[in-house]
> 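One structure, pasted below without further comment.
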Amino acid sequence: MLQSALMNVMVKAARRAGRSLKRDLGEIENLQVSLKGPANFVSLADKRAEEMLYADLSKARPGYGFIGEEGGKREGADKSHTWIVDPLDGTTNFLHGIPQFAISIGLQREGVMIAGVIYNPANDELYTAERGKGSFLNDQRLRVAGRRQMNECVIACGLPHIGRGDHELSRREMTAIQEKVAGLRRFGAASLDMAFVAAGRLDGYWERNLQPWDMAAGQIILREAGGIVSGIRGDDDPLTTGNVICGNEFVHRELVKILKPLEK
Ligand code: IPD
Ligand code: CA
Ligand code: CA
């Protein structure tokens, strides 16, 4: 696959930070047994990965703005371009040595996502997309699954944990979806949930209370794979509402139909 200069920059940055996270994952197994646990170590790993990404991306594209989960917003001279980065999506998985986590890098131009990379260094799966050029998993072109029967679909969701989100609403949503689908999953890394829908592994996914860096790269990877992405209302923007529903056209519509009325 011939890669653009921009994609080269993004992939190189993701792979370098990925090597660092993969080394840190190895350490975590040793730290699990200590009383203090690996939480502080993970927070350092997370920050280190973000600094590496910032260094590489800002060196290659000086002036672009940068929004990272750890370091917040860093303005650049070029007001039309912004990197939106989660250096470690799936922190809880990482902390527990579960190999479902990723680096997520999105690039926005004038408010529109134009490129995205999601990289899981644990299994070396690299998802990429550029506007108008399709989505790829490593070298393989992606397309969302074509299922049109909800009772054949496997759907992923997010679950609010202690101190976060509306647990009661989440239970109502699960009950409503559970009785219509072939399987419900909770993997714990929003970026990869979206990438899995793009890859046709999952038929759909929804979650509330996310941040732009959880979804920025996923949004373009999904759209370029022929998927539909919105907020819970069906026509709103996930990056501004923090809520996401995605799938093929049919699954997206069905999920909106089920979930939208549950909002009070
Ligand atoms: C989290 C993951 C998780 C989602 C959480 C996110 P983090 O991101 O994407 O799947 O359910 O709400 O905050 O904290 O691991 O970067
Ligand atoms: Ca995240
Ligand atoms: Ca994170």
Side-chain angles (χ1 to χ4, degrees), residues 13-14 17-18 20-22 24-25 28 37-54 57 66-74 83-106 113 116-122 125 127 155-167 169-171 173-174 177 184-198 201-202 204-222 229 231-232 238-246 259:
S20 168
L21 285 183
K22 196 170 177 185
D24 292 337
L25 182 70
I28 281 173
N40 292 340
F41 178 81
V42 168
S43 149
L44 285 176
D46 202 348
K47 291 196 173 77
R48 188 159 47 232
E50 180 158 319
E51 284 318 305
M52 280 183 171
L53 293 165
Y54 179 70
L57 296 172
F66 185 99
I67 298 173
E69 178 168 19
E70 300 306 314
K73 190 168 182 169
R74 308 185 216 200
W83 300 110
I84 306 178
V85 171
D86 192 340
L88 172 55
D89 184 42
T91 323
T92 307
N93 284 344
F94 186 81
L95 180 70
H96 287 257
I98 299 168
Q100 181 77 358
F101 59 89
I103 287 163
S104 174
I105 307 172
M113 293 309 308
V117 165
I118 295 172
Y119 178 53
N120 180 353
E125 285 195 340
Y127 298 84
I155 306 290
C157 63
L159 291 178
H161 49 76
I162 186 164
R164 295 257 304 254
D166 183 338
H167 292 211
L169 172 59
S170 164
R171 281 192 287 274
E173 289 183 336
M174 271 197 298
I177 300 286
L184 193 53
R185 301 285 184 273
R186 178 0 170 196
F187 290 107
S191 59
L192 288 174
D193 289 330
M194 293 176 84
F196 277 22
V197 177
R201 291 174 176 173
L202 288 169
Y205 159 66
W206 91 96
E207 182 160 1
R208 288 175 188 273
N209 299 316
L210 291 172
Q211 298 293 331
W213 46 78
D214 297 316
M215 300 176 283
Q219 191 182 46
I220 181 157
I221 290 170
L222 243 157
V229 194
I232 301 278
L239 297 196
T240 34
T241 60
N243 304 322
V244 63
I245 292 189
C246 57
L259 295 170

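All heavy atoms count here, side chains included; hydrogens, waters and symmetry mates do not. Sequential numbering from 1 along the given sequence is applied to the chain's residues. When a ligand or atom number is given, it counts from 1 through the structure's own listing order.
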> Just to be sure I understand the site: which N, O or S atoms from the protein are less than 3.0 Å away from the Ca ion (ligand 3)?
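Only Glu69 OE1, Asp86 OD1, Leu88 O fall inside 3.0 Å of the Ca ion (ligand 3).
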
> Got Leu202 and Ile155 here, is their nearest side-chain heavy-atom distance under 4.5 Å?
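SC-SC contact between Leu202 and Ile155 ruled out.
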
> Can you name the ring pair (Phe, Tyr, Trp, His ring centres under 6.0 Å) partners of Trp83, sequence neighbours left out?
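Ring pair (Phe, Tyr, Trp, His ring centres under 6.0 Å) check on Trp83 returns Tyr64.
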
> Could you go through residues 184-197 and list every donor-acceptor pair under 3.5 Å that involves a side-chain atom there, pairing it with any protein atom two or more places apart or in another chain?
| from | atom 1 | to | atom 2 | distance (Å) |
| --- | --- | --- | --- | --- |
| Arg186 | NH2 | Leu159 | O | 3.1 |
| Ser191 | OG | Asp89 | OD2 | 2.8 |

> So, do Ile105 and Leu53 sit near enough that their side-chain heavy atoms are less than 4.5 Å apart?
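Yes, their side chains come closer than 4.5 Å.
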
> Any side-chain heavy atom of Thr92 sitting closer than 4.5 Å to one from Ile98?
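No, every pair of side-chain atoms sits at 4.5 Å or beyond.
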
> Going by heavy atoms in the side chains, are Phe101 and Thr91 under 4.5 Å from each other?
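Answer no - side chains too far apart.
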
> Does any non-hydrogen side-chain atom of Pro238 lie less than 4.5 Å from one of Leu210?
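A side-chain contact is absent here, since even the closest heavy-atom pair is not under 4.5 Å.
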
> Does Asp24 reach the side chain of Val42, with side-chain heavy atoms less than 4.5 Å apart?
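No, every pair of side-chain atoms sits at 4.5 Å or beyond.
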
> With a 4.0 Å heavy-atom cut-off, what residues sit around ligand 1?
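Lining ligand 1 at under 4.0 Å, by heavy atoms, one finds Glu69, Asp86, Leu88, Asp89, Gly90, Thr91, Arg164, Arg186, Gly188, Ala189, Ala190, Glu207, Leu210, Asp214.
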
> Between Glu207 and Arg164, is there a side-chain N and carboxylate O pair less than 4.0 Å apart?
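No, Glu207 and Arg164 are not salt-bridged.
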
